[in-house]
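Shown next, in structure tokens, is the structure this report addresses.
Numbering of residues begins at 1 and proceeds along the displayed sequence. The figures here come from the full heavy-atom set of this structure, side chains too, leaving out hydrogens, waters and symmetry mates. This is a predicted model, so every value here is computed, not measured.
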Amino acid sequence: MNRQDIEISDLRRITELVKEQYKYDFTNYAMSSFRRRILRIMELYKFGSADLLIKRLKDDKSFFDEFIAEITVNVTEMFRDPPFWRELRDNVIPNILLNHNTISIWHAGCSSGEEVFSMAILLKEMGILEKAKIIATDIDKVILEKAKKGHYSMKNMELNEKNYIRFEGKSNFKDYFKEENGKAVMDKSLIQNVSFREHDLVQGVVFNKFDLILCRNVMIYFNQNLQNEVLKKHHESLFKYGYLVIGSKESLIWCEIANKFIVVNNEEKIYKKIKD
């Protein structure tokens, strides 16, 4: 099938069906990225036409879970962008702890959990893991299960360890997992204070208040309209003087709530809420 062979009208039919039948709203996804992923699904499952994909979505609830996993697929690694993690450890978290003896953190769009484990390792090395309450959410049930398990491919651990060394971790990275059947199995005690939940950033409600929200490289798939809505919810979900972190290619500058934040670190995209 021709790579380009999908009409805008077909994409619209797909988003309408998904919204109506499964209550997931992709209407404001960045069109080029959504289209690329739909084409990828059609190739993977050998659907010769959009009609066949739509029929399968209509008739097969379990296929929908696979569909979501493909649409929201996220390649991630531990301690990605090591300077960012150093900034968190050396400045942001000590700042939060100046006024509190506990810290609440939300990983929004946590994918397969590498970021959550990175955070847990960082907090453990700071000696404050037991003072942290962490909520990790994603729209994709399958990937959340993966995050909870904390089983990763050994070949990825090489890159993760390199990142950890550049982050200037205080320990030996290999102490945080053991190898079983060719998989790296993360130490479960790292995530005993983590609650994993299914949550849709687009349609989900504000459910808690946090000192720190990480939503990195999630909004690049949303159009500006949707980014604006999500950022408003993040603002509402932060305590005053709480911190928001977004992805390196994302920005707050243009959005409605920009004036309620100050830039703490432009390079690492760290912002601090100064107004309710």
Among side-chain atoms of Asn163 and Glu77, is any donor-acceptor pair under 3.5 angstrom?
-> yes
Can you list the steps and then say if Phe63 with Tyr45 is a ring pair (Phe, Tyr, Trp, His ring centres under 6.0 Å)?
-> CA-CA 10 Å; Phe63 171 69; Tyr45 291 90; 5.1 Å; yes
Set of residues satisfying side-chain contact (heavy atoms from CB on, under 4.5 Å) with respect to Glu180, sequence neighbours excluded = Lys178, Val185
Could you tell me whether Lys148 and Glu145 have a side-chain N and a carboxylate O separated by less than 4.0 Å?
-> yes
Is there side-chain contact between Ile54 and Phe47, with heavy atoms separated by less than 4.5 Å?
-> no
Would you say the side-chain atoms of Arg37 and Tyr29 include a donor-acceptor pair closer than 3.5 Å?
-> no
Heavy-atom pair with the smallest gap, counting every atom of Ala147 and Phe196 | CB-CE2, 3.7 Å
Applying ring pair (Phe, Tyr, Trp, His ring centres under 6.0 Å), name anything that partners Trp85, two or more places apart in sequence or on another chain.
-> Phe79
Looking at Tyr243, Tyr241, Trp106, which one forms a ring-ring contact (aromatic ring centres under 6.0 Å, His included) with Phe210?
-> Trp106
Does the pair Glu70/Arg40 count as a salt bridge with the N-to-O cut at 4.0 Å?
-> yes
Do Lys269 and Glu250 sit within salt-bridge range, that is, some charged N less than 4.0 Å from a carboxylate O?
-> no
Hey, can you tell me if Phe26 and Tyr24 have their rings parallel, tilted or perpendicular (30° and 60° cut-offs)?
-> parallel
Got Ser111 and Asp138 here, is their nearest side-chain heavy-atom distance under 4.5 Å?
-> yes
Partners of Asp81 by side-chain contact (heavy atoms from CB on, under 4.5 Å), sequence neighbours excluded?
-> Phe84, Arg216
